[in-house]
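What follows is a set of notes on a single structure, which appears directly below.
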2 protein chains.
Amino acid sequence: MNRIFRALADSTRRDILRRTLFTDVSVSQLADSYEMSFAAVQKHVAVLEGARLVTKEPRGRERMVRGNLDRIRQAQILLDRFDEIWRSRIDRLDILLAESDPAPPDT
Amino acid sequence: MNRIFRALADSTRRDILRRTLFTDVSVSQLADSYEMSFAAVQKHVAVLEGARLVTKEPRGRERMVRGNLDRIRQAQILLDRFDEIWRSRIDRLDILLAESDPAPPDT
DNA sequence: TTATTGTACAATCAAATGGTTGTATCAGAG
DNA sequence: CTCTGATACAACCATTTGATTGTACAATAA
């Protein structure tokens, strides 16, 4: 999880991920899009790969980068859990409030 | 966004966030739970605060840390967009496949 | 008042990050 | 075979991160 979120914590990498989810692109095609060296883009891809947010597949002499939705879903699930925790807090507060209600009138 | 994801890229911070979403806790209460110095925990809280994933509110001499779900939702929305991009790719492929279908029989 | 508790903040340090350039390799074009 | 394009990888450097300790201060307890 640490790796997933760390990989997502950079706009260039998020942009790369977006593109690889939408189309098949090689590392050099990606590199052309950004104002940094080929090696820098290569490293960004490596970080995404380390988080398994993308995979690389050789095609001829280039490596096609493909976004991996499953990994993104894992992050989604974690965030959803936070949402659930929040709601469970609300529920718990509701219970506490109910317990502190005045006793029902004595018929 | 960078800050949100970076803040989430650490298990201690995710744990702190979980706890602050569920109950009201002070910084020192949090610090007691982890095998690191008070100052270290304080810094983790500061990172979460910088990402506006939590807010601090003075109560007596302690500062209560409260999780902020809105910010988490922003991250969720971003991940959902990746999901949409993925699906739009599928749609686009479907269209391409449809276009390359053999012409309908000549009757 | 004095001691204690909870917090803030600065200085410090090792390790990780994000970028660079340079070199090597490998597949395809001429 | 030779040249070129695409990639991999190492070395290097500046900045940031994650942790520490130490100091200072505000709020509460004794």
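Chain identifiers are assigned alphabetically (A, B, ...) following the order of the sequence lines, protein sequences preceding nucleic acid strands; residue numbering begins at 1 within each chain. Every value quoted in this text rests on a predicted model; they were computed, and no experiment measured them.
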| request: Measure from CG on A/N2 to P on C/dA16 and round the result to the nearest Å. | output: 13 Å

| said: Tell me whether A/R73 is salt-bridged to B/D83, with the criterion being a basic N under 4.0 Å from an acidic carboxylate O. | reply: yes

| query | Going hydrophobic residue to hydrophobic residue with side-chain gaps under 4.5 angstrom, can you get from B/V54 over to B/V47? | reply | no

| query | Quick one: A/Q42 CD to D/dG5 C1', roughly how many Å, whole number? | reply | 13 Å

| query | Is B/R3 atom CZ crowded by more than 12 heavy atoms from other residues, nucleotides or ligands, each under 6.0 Å away? | reply | no

| task | Do nucleotides 18-30 of chain D as a string where each nucleotide becomes B, S or -: B if the base has a protein heavy atom under 4.0 Å, S if just the sugar-phosphate does, - if no protein is that close. | result | SBBB-----BB--

| task | Answer yes or no: does a side-chain N or O of A/S28 lie under 4.0 Å from OP1 or OP2 of D/dT7? | result | yes

| said: For a quick check under 3.5 Å, do A/R59 and A/S26 share a side-chain donor-acceptor pair by atom type? | reply: no

| request: Round to a whole Å and report the spacing from CG of B/D32 to P of C/dT5. | output: 12 Å

| note | Taken to the nearest whole Å, CZ/A/R3 to C1'/D/dT17 is 17 Å

| message | If the threshold is 4.0 Å, N to carboxylate O, is there a salt bridge linking B/R19 and B/D24? | response | no

| Electrostatic pair A/E57:A/R63 at N-O distance under 4.0 angstrom | no

